[in-house]
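Notes to accompany the following structure.
Predicted model, so just to flag it, every value in this text is computed and none were measured. In what follows, chains are A, B, ... by sequence order, proteins preceding strands, each numbered from 1.
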Protein chains: 2
Amino acid sequence: MTKHRITLKDIAEKLGITVTTVSKALKDYPDISEDTKKKVHALAKKLNYQPDSQAVALRGKGSKTIGLIIPEIVHYFFSSVINGIMNHAESNGYRVLITLSNNRLEMEKKQVNLLFSTKVDGVLVSLTNETKGTKHFDILKEYDIPVVMFDKVDNKFHCNKVTIDDCLGGYNATKHLIDSGCQRIAHIRGPKKPLNSIGRFEGYKKALIEANMVFDPSLVKECTEVVYDEGYQFCKELLKLPKPPDGIFAVTDQVGVGALNALKDAKLNIPEDMKIVGFSDSQIAQVSQPPLTTIHQPGYEIGETAAKLLIEDIELRKKDPNHMFGSKQIVLDTHLIKRGST
Amino acid sequence: MTKHRITLKDIAEKLGITVTTVSKALKDYPDISEDTKKKVHALAKKLNYQPDSQAVALRGKGSKTIGLIIPEIVHYFFSSVINGIMNHAESNGYRVLITLSNNRLEMEKKQVNLLFSTKVDGVLVSLTNETKGTKHFDILKEYDIPVVMFDKVDNKFHCNKVTIDDCLGGYNATKHLIDSGCQRIAHIRGPKKPLNSIGRFEGYKKALIEANMVFDPSLVKECTEVVYDEGYQFCKELLKLPKPPDGIFAVTDQVGVGALNALKDAKLNIPEDMKIVGFSDSQIAQVSQPPLTTIHQPGYEIGETAAKLLIEDIELRKKDPNHMFGSKQIVLDTHLIKRGST
DNA sequence: CTGAAAGCGCTTACAG
DNA sequence: CTGAAAGCGCTTACAG
């Protein structure tokens, strides 16, 4: 029942020539007669011949597939990134094999090995929050498979990286609160390990110090999951302080909107009684009431740039076996989007 | 410089046995001595041997990869579905190759061909809003590659399908508004073609008729993009009617929250002056103020079920070449989640 | 219990 | 201009 897949052999037999000639004809080798080429192309088209990409890959140069490892997919930022990656990759003839680490280091290790065994031409990765050290990526290095890290990167790993300046973003968010008249600014931060949350926290402190405001550790709350509920709860705690803040910088929009809703439930007016700034410019920030002032983080561009750098490394290496993989750090611009919450 | 990939041959040579034996030992064939197996496994581990999946696929039965075609990825529902698909697939040893149609029929056709040439073992697809007819999927049929459609399906195509009962969902949403005392209920619906938006619209009408309420076409607005802004705009238009509605059923949560915010901007009280129900139970519905009553649509389960059916077809066919691919229509339950907007 | 041999579909250096 | 041959890394039916 199952139809047999058309192979070079089929075409060769029908035309009374050899597989070799068919293969060369399809690839327009100069040493094949125009006449033969024409016949081969015509028949291939008629039979809807599709080369077996496994065989091509086994034989030769690359699978035209890049692997992606991300912590999670149900997330506005990551889906934007994926979108950027896929659009760039596909328009350059590359497939994208997406894998999930579910934010677990063990999964990340497993996925690296799987991608390696799939013989992907390159790997894009945003590290999990647990990841510390990058030994598990060494196998890719050893076998000359280029890697590009984005968003959550490791400073010591030698490869191209695409990030934003989280410290600057955190600084601008906090500065904006100061400029809007806040005197006591709280920060609901992310977990300890990821460089993003460290950077945003540093930016927060920097802005305070620059404005000669005291840094009060009791005004800093630390999320574990970085979700809406944490924003809501931490905000309630902040309100119970003897001296509550009058501004909050939240590490993400999720957390920010959680906090915003806690304020509304406590009958506070925003932005009069309290101002609040988020981070990422995800959809939720546009839709809350009031809409959330936030730091725009260019997810699509991050993905696009990461894919571009990776494919560059792949193609350059194909042409020149001595090409060294890049180790640039591309820092994309963020900017503050002022909305009703400040 | 580039390290040579460890192959069966390497292991065989170091152990002074043949490739055949190594291959069998790694797969725990019963006719290999325990002693040999131990040595082979140990060395494979030490050298971090990873089988070349291209070679495995070329040789034999399937690539252990399933292809996925979805309209878009930056979308809560689809990312939930993907999550369900990937978790089920990965725990069964399958990779997922995700491709995007960007809601364009032409892209959908292209992706089908690409997946075919990649020799995926099966294809999961949610159709674009443009798709009418399914000729472009016939190549998969011809070559006995199973297909499972989910969410946006075609009634005539013969394959397993996973959907929800949109009509019932629409009915329940509208019924809930009626039960809550609404007298004039508007519907902001989706585009004409997709079965989902048709179903939800039918359910809306059914509930009205059953309650002896008149169906007033001027209370129905039709989205093209199905986004927040359309909800906002259409709601404003509805408010301008000589006899405005006192309840709105929106085709998605995005649209619903758009409408909700339009009501708040018009200084109406929700749910006192107007009640509103969305559809999907995406994150945005939990986070709006008041949070949005909605129909929970089990995205994760839809993905999981679709992947399960597909992998079943793949595995059964592997064991029994006469196995016929399924053509069940699995309809998953939805339920209403009551929140502050009603 | 182990191995020699054939073959999956393709590409390419080499010969004619 | 065309083709015979080797080989990519693996699996498996068959022989010993």
Side-chain angles (χ1 to χ4, degrees), chain A residues 2-41 43-44 47-65 116-121 143 318, chain B residues 2-41 43-44 47-65 93 116-121 143 318-319:
Chain A
T2 301
K3 208 159 137 189
H4 154 85
R5 284 181 101 101
I6 306 298
T7 66
L8 291 183
K9 205 174 148 203
D10 298 315
I11 298 179
E13 279 171 3
K14 297 212 187 194
L15 254 33
I17 52 179
T18 60
V19 169
T20 307
T21 307
V22 176
S23 173
K24 287 185 186 163
L26 285 173
K27 306 182 80 192
D28 272 327
Y29 270 49
D31 62 351
I32 302 290
S33 72
E34 279 311 314
D35 190 47
T36 306
K37 279 186 192 170
K38 242 177 237 157
K39 278 193 230 154
V40 169
H41 275 116
L43 187 57
L47 299 177
N48 192 15
Y49 168 74
Q50 306 278 355
D52 181 325
S53 48
Q54 256 103 38
V56 176
L58 177 60
R59 186 66 229 293
K61 31 192 53 177
S63 56
K64 282 278 188 180
T65 303
F116 172 71
S117 106
T118 310
K119 293 215 292 201
V120 292
D121 296 335
Y143 289 90
K318 225 191 294 185
Chain B
T2 301
K3 208 160 137 188
H4 153 85
R5 282 179 104 97
I6 305 297
T7 66
L8 291 184
K9 204 171 148 205
D10 299 316
I11 299 180
E13 280 170 1
K14 296 213 185 188
L15 254 33
I17 53 180
T18 61
V19 168
T20 307
T21 307
V22 175
S23 174
K24 288 185 185 166
L26 284 174
K27 305 182 81 193
D28 271 327
Y29 270 48
D31 63 349
I32 301 290
S33 72
E34 281 310 314
D35 190 49
T36 306
K37 280 187 192 170
K38 239 175 242 156
K39 276 192 231 152
V40 170
H41 276 116
L43 187 56
L47 298 177
N48 192 16
Y49 168 73
Q50 306 280 352
D52 180 324
S53 49
Q54 255 104 39
V56 176
L58 177 60
R59 184 62 230 291
K61 29 195 54 181
S63 56
K64 284 278 188 177
T65 303
F116 172 73
S117 105
T118 311
K119 290 216 295 204
V120 291
D121 295 333
Y143 288 91
K318 226 191 290 184
K319 286 190 192 108

Grab the CG-P distance between A:Leu8 and C:dC8 for me, whole Å please. 13 Å
Sorted by chain and number, sequence neighbours left out, side-chain hydrogen bond (donor to acceptor under 3.5 Å, both in side chains) with A:Thr36 holds for A:Ser33
Answer with base, sugar-phosphate or nothing: what part of the nucleic acid does B:Asp31 contact at a heavy-atom distance below 4.0 Å? base
With the side chain of B:Ala55 defined as its heavy atoms from C-beta on, choose the nearest nucleotide among C:dT2, D:dC10, C:dG9. D:dC10
How long is the line joining CZ of A:Arg59 and C1' of D:dC8, in whole Å? 6 Å
Within the pair A:Ser23 and C:dC10, is there a side-chain N or O less than 4.0 Å away from OP1 or OP2? no
With sequence neighbours left out, write down each residue that passes side-chain hydrogen bond (donor to acceptor under 3.5 Å, both in side chains) with B:Thr65, or none if nothing qualifies. none
Rounded to the nearest Å, what distance is computed from the CG atom of residue B:Leu26 to the P atom of nucleotide D:dT12? 13 Å
Please tell me if A:Ser33 has a side-chain N or O lying less than 4.0 Å from either OP1 or OP2 of D:dC1. no
Could you give the CD1-to-C1' distance, from A:Ile17 to D:dC1, as a whole number of Å? 12 Å
From D:dG3, D:dT12, C:dC10, pick the nucleotide closest to the side chain of A:Thr18? D:dG3
Heavy-atom distance under 4.5 Å between the side chains of A:Tyr49 and A:Leu8, does that happen here? yes
A:Lys27 has its side chain closest, among C:dT11, D:dT12, C:dG3, to C:dT11
Hey, are B:Asp52 and A:Lys119 close enough for a salt bridge, meaning a charged N less than 4.0 Å from a carboxylate O? yes
Assess whether one donor atom and one acceptor atom, taken from the side chain of B:Thr20 and the base of C:dA4, lie less than 3.5 Å apart. yes
For B:Lys9, does its backbone N or O pair with a side-chain atom of B:Thr7 as donor and acceptor, under 3.5 Å? yes
How do B:Lys119 and B:Ile32 order along DNA chain C: which one's closest nucleotide is nearer the 5' end? B:Ile32
For residues 19-29 of chain A, tabulate all N or O donor-acceptor pairs below 3.5 Å that involve a side-chain atom, not counting sequence neighbours.
residue: A:Thr21; atom: OG1; partner: A:Thr18; partner atom: OG1; Å: 3.1

Separation of C:dC10 atom P from A:Arg5 atom CZ, nearest Å, is 10 Å
Can you sort out the partners of B:Phe116 under ring-ring contact (aromatic ring centres under 6.0 Å, His included), two or more places apart, ordered by chain and number? B:Tyr143
Give DNA chain C the dot-bracket treatment, 5' to 3': Watson-Crick (N1-N3 with N6-O4 or O6-N4) or G-U (N1-O2, O6-N3) under 3.5 Å, [ ] crossing, | other strand. |||.||||||||.|||
Would you kindly compare A:Lys24 and B:Thr36 by the position of their nearest DNA chain C nucleotide and give the one closer to the 5′ end? B:Thr36
A:Ile11 CD1 to C:dT11 C1', in whole Å, measures 15 Å
D:dC10 P sits how many Å from A:Leu58 CG, rounded? 9 Å
Pairing residues for A:Ser117 by the side-chain hydrogen bond (donor to acceptor under 3.5 Å, both in side chains) criterion, not counting sequence neighbours: none
In whole angstrom, what separates A:Glu13's CD from C:dG9's C1'? 13 Å
N or O in side chain of A:Tyr29 less than 4.0 angstrom from D:dC1 OP1/OP2: no
